[in-house]
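Working notes, structure below.
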Amino acid sequence: MIFWRSVSPAKSRSAPFAADDRQREAIEHVHGPMLVIAGAGTGKTSVLIQRIARLIEQGHARPDEILALTYTVAAAAEMRDRLRALLGKKIRCTTFHDFCFDLLKRAGKDFGVLEENDLWIHLRKRIPELHLEHYVRAANVGQFLTDLLDFLSRCHDELLTPETYANYVTKLERGELAIPRVAKSKDQLSDDEVLGRCREISRVYALTEQWLLEENLGTFGHMMTRAYALLMRDETLLAAERARSPFILVDEFQDANTAQIKILAALAGESANLFGVGDPDQAIYRFRGASSAAFQLFGRYFSQTKLVVLGKNRRSTTAILQCAFAVIDKNPPVFSSTDHTSYRRSPLQSARDQDAKKSEAMILSSPVDAVSFPAKEAEASDIVRTIEGIRRTTHCQWKDFGILYRTHSHRDELAHELADRNIPFNIENMDVSDTPEVRDLFACAAVVVDVGSDASLFRVAALPQFDVDPEQLRSALRAIAGQSKEGTAVPLASVLGTVSGGHDVLDCVRRARDDVSRQNAKTRVALELIAKLFGSGVKSAAVQTALKFAAEWENKPTTKSKELGEWLEYLQYFREAGGAIAMTANANEDAVRLMTVHGGKGLEFSHVFVLRATTPSFPASYRETLVEFPEALRDPDSASAGDDKTLHDQEERRLFYVAMTRAKDTLHIYGKRGIGRDKTPAGMMREMISNSRLQPYLRARAALPSQPELIDLAAAADAHPAESRLAAWLALPAVGDLGARLSASAVETYETCPLQFKLEREWRLSRELHAAAQYGAAMHRVLRTYFDSIRLGRPKSDDELLKIFCDDLAACGLEDDYQRELYRQQGTQQLEDFLAASHVSLPPQVLHTEEWFEVQVAGTKVAGRIDRLDRSADGRVNIVDYKTGKARSQQEADESLQLSIYALAAQEKWGYRVGDLAFYNLQGNVAVMSKRTDFQLEEARARVLDAARGIANGNFEPKLGFHCSFCAFRGLCPAREKRIPHSLAPAPAELDPLD
DNA sequence: TACCTTGACATTTTT
DNA sequence: TGTCAAGGTA
């Protein structure tokens, strides 16, 4: 055995690096292409570093002739440091992107870099110029941009130009190729429609590329595509680059995409001194464009490739490795049979257990702990108790525990539980947008720019440093809302001025605005200034993260004035684009580490916990993209076997494998109990538990029942800082009887979330009406005019009606011109269709249009307005309700509380016998007919009664759920605030410097 | 073995 | 609000 010099003192490997035979083979390799398949924990980076050292020491290469490429800045820096420590020389270690960007820069072809969200925002702002017909919806203008950008980024990964795509569309038009999928599978489109969509995609792609070129901008993907194009175009440059880096080494090779591999192939040239190290079973960035077939592709480009497989794992116990292998080996082999290699996946050998056996030491290898739990809370409580138990027996540090999960939301219960038990922990990449501190700061900024942003001003008024009397404010708001006409907004600022303490708020806003303008402060500075003036915690880690985010924004190529107003507009789009402001945790802190599995890649922990290992949480279920990447456009080299769904499932399995192989000593996997006959957790846990060969390595058990009484109440109070004053405001007992008069939609709102119901009625904050609601109102008005005119015997002409609608819509104050235009087109179309259908059918005998009612239902006053009541041939009346939004289904019509209540009202108020109930969908121009039995009407009464009782009893608990994303109070709701427990906040000194 | 109903879930994020 | 798949039924 040969001993290499130790390269990693930081990792406390004080012993010299002892290479085994396989590692030595890789390290001693000199010329020609080589691939090293280095499984988890087999020392792949060490091998790479030792090979560089040897190339130099043996005189094969000068230090400057070596190029080492990685994917992350951190990995590149670490490698550079380790090499400097080992050789005392500087080696070129850089990321792929930096390398390509530098190449472009030297050629004078660099550009301003747009991140994905920035490109989204860029296109969103110019969306009218895209002239979209298919991929746009009036109600949500930017809805399909994400789907389109996904497709374009996929094109980049495959080095596909707009011209190639345009050619593809031409071939489609000629009928030479199979029609691709350009919408959800369930939407059956005509061939013409598909071609229209393809043309639209083609236009968007060409236009996007053109705009970026005109403004000298590009994405991270462009770093690759443009560098590749440059190398292909410029032979002299290519020759120079080849001469500059005769030896190229690539770490994490499994993350390479097609474009990157082609660049590597070009750079390596004839001599092909290309050395790739990685683990194909840990490829988890396919969604980022990494080709799941990177290793195969390498082999095809370089047929002389030597393959070395490292199989000795120095990290984990045999039990962990056996279980992990059982999971990963369900994936197909890494190489297909055509790849002429004898490589077959085999279980990694635990070097630790082998050594222990040799020295006849006791093996303290515990089996993998497979825990099933009945509910989330039980999972969190069992984990915490297990952690406490391990720490008691092994005296390890908190940072020896790593908690891994598939999605961020999976950690919430555990974070609470850890905080309750006073265990220090930190969360990697937590989104700070919903922390109270950041919400406060953003609200303050919004009112400084525009005091008329009511939701923000409301939040600011509730800050504890002001002494606004909430009861007084509430009654003032209610009084004014009661006087003014419905829909007329009363600015909160004007009301606030009349309430005690309100002046201070407005003064502070004014002062902040003056300071900002006097100092001509740009966003980052302005935010800090505002934070200080309003007394919100500048020192909080969340606020620091937000400030850093703003500072970075100021340096973006698309940022113009750098002023607060521009930033707030950006922030709004950023949210729409799905952006998150992620906080980096301090890895050195002695705290339990919580992160996603992606975040855990490359790390190791003595004790690993994997959460929610149940389908469809982890593995997550497949969701198809809106636009499929057509088979015909795939690079023939990179086309990997299997459809997207299969590839997705395989990647989930690799992700699970990555999670498991992070563990050194113990591994605990948690999954929700199955609901069928098989009570084991569905998914990979079930697979492992039922695998008899894993019996010695796996122990399945049920989670201990949670014992809430054990919680240290003092610690819990300490961990959750006192509720914000806003929360206290919103929790004030209701004024008056909110349930005195209900409507169908009020009952429904109460059923979805009692708190939302209360806030809507109580505070009467003027809310910006949704565009969809304004459109709906305009549409209702014109229909009413139409039926009224018929009843009065003076029917209006179609043109008159269309004009009425257009004028109405123009007057109703939709801010976005483009959106208004979309609605105008949509409304005109729907109206024309509706009128055309009306003209050919027998006109209904209309009794009432938009008729108000107020009746007693189950002892409660219920009010509403019926769109249309017709007399039917059999003497009954039919009720029609127009729907301007998404078309309602039969089931929705059958179950609608609104229609039931209308039926009850028609009976009560006028004594009508009710016949048909209809939702008339203007979209598609079809009526969905329904009926009500007495029993169903009784059910409706019961629903009203339930809601009325709940309201009377003062039950206004928030109900969290998917509906929260559409709730107007989302930014205020205390239930949706994410607090950072004490242990999370790093000391300010450890934060990144701001500039 | 093929449906259909019901319940549970809601992405990940190097550069 | 949609979607997927588990689990039950024809």
Quiz prompt | Partners passing side chain to side chain contact (heavy atoms under 4.5 Å, CB included) against Asn429(A) (at least two apart in sequence or in another chain) | solution = His408(A), Ala582(A)

Practice problem: Anything under 30° is parallel, anything over 60° is perpendicular, the rest tilted; go ahead and classify Tyr570(A) against Phe549(A). | Solution: tilted

Practice problem: Please check if the side chain of Arg92(A) supplies one atom and the backbone of Leu67(A) the other of a donor-acceptor pair under 3.5 Å. | Solution: no

Practice problem: Check DNA chain B against residues 575-582 of chain A and give the residues with a non-hydrogen atom under 4.0 Å, in numerical order. | Solution: none

Exercise. For the pair Glu158(A) and Lys262(A), find out whether any cationic side-chain nitrogen is under 4.0 Å from an anionic carboxylate oxygen.
Key: no

Practice problem: Between dC4(C) and dT11(B), how far apart are the P atoms? Round to whole Å, please. | Solution: 14 Å

Quiz item: Just the endpoints, please: which first and last nucleotides of DNA chain C, 5' to 3', lie under 4.0 Å from a heavy atom of chain A?
Solution: dT1(C) to dG7(C)

Quiz item: Base, sugar-phosphate, or nothing for His222(A), non-hydrogen atoms under 4.0 angstrom?
Solution: nothing

Quiz item: Quick one: how far along DNA chain B does chain A reach, first to last nucleotide 5' to 3', anything under 4.0 Å to a heavy atom?
Solution: dC9(B) to dT15(B)

Quiz item: Pick the nucleotide of DNA chain B nearest each of His408(A) and Phe962(A); which residue has the one closer to the 5' end?
Solution: Phe962(A)

Quiz item: Reckon Arg612(A) touches a base, only the sugar-phosphate, or nothing at all at heavy-atom distances under 4.0 Å?
Solution: nothing

Quiz item: Is the number of heavy atoms from other residues, nucleotides or ligands under 6.0 Å of Lys556(A) NZ greater than 12?
Solution: yes

Quiz item: Taking only residues two or more places apart in sequence, or in another chain, which ones meet Glu576(A) in a salt bridge (Lys or Arg N to Asp or Glu O under 4.0 Å)?
Solution: Arg124(A)

Self-check item: Lys886(A) vs Ile675(A), nearer the 5' end of DNA chain C by closest nucleotide
Solution: Lys886(A)

Practice problem: Quick one: label Phe96(A) by what it contacts on the DNA or RNA (base, sugar-phosphate, nothing), any heavy atom closer than 4.0 Å. | Solution: nothing

Quiz item: Which residues pass the salt bridge (Lys or Arg N to Asp or Glu O under 4.0 Å) test with Glu379(A), sequence neighbours left out?
Solution: Arg612(A)

Practice problem: Quick one: sort the Phe629(A) and Phe151(A) rings into parallel, tilted or perpendicular, breaks at 30° and 60°. | Solution: tilted

Self-check item: Most 5' of Gly221(A) and Gly961(A) on DNA chain B, judged by nearest nucleotide
Solution: Gly961(A)

Quiz item: Under 4.0 angstrom, heavy atoms only, what part of the nucleic acid is Lys376(A) near: base, sugar-phosphate, or nothing?
Solution: nothing

Quiz item: For Val73(A), which contact category applies under a 4.0 Å heavy-atom criterion: base, sugar-phosphate, or nothing?
Solution: sugar-phosphate

Practice problem: Before accepting this row, confirm whether a basic side-chain N of the pair Lys184(A)/Glu628(A) lies closer than 4.0 Å to the acidic partner's carboxylate O. | Solution: no

Quiz item: Centre of Phe373(A)'s six-membered ring, under 6.0 Å away, within 45 degrees of the axis: is that where NZ or CZ of Arg673(A) sits?
Solution: no

Quiz item: Taking for each residue the nucleotide of DNA chain C bearing the nearest heavy atom, is the 5' side occupied by Arg686(A) or by Arg623(A)?
Solution: Arg623(A)

Self-check item: Donor-acceptor contact below 3.5 Å, side chain Tyr228(A) vs main chain Ala259(A)
Solution: no

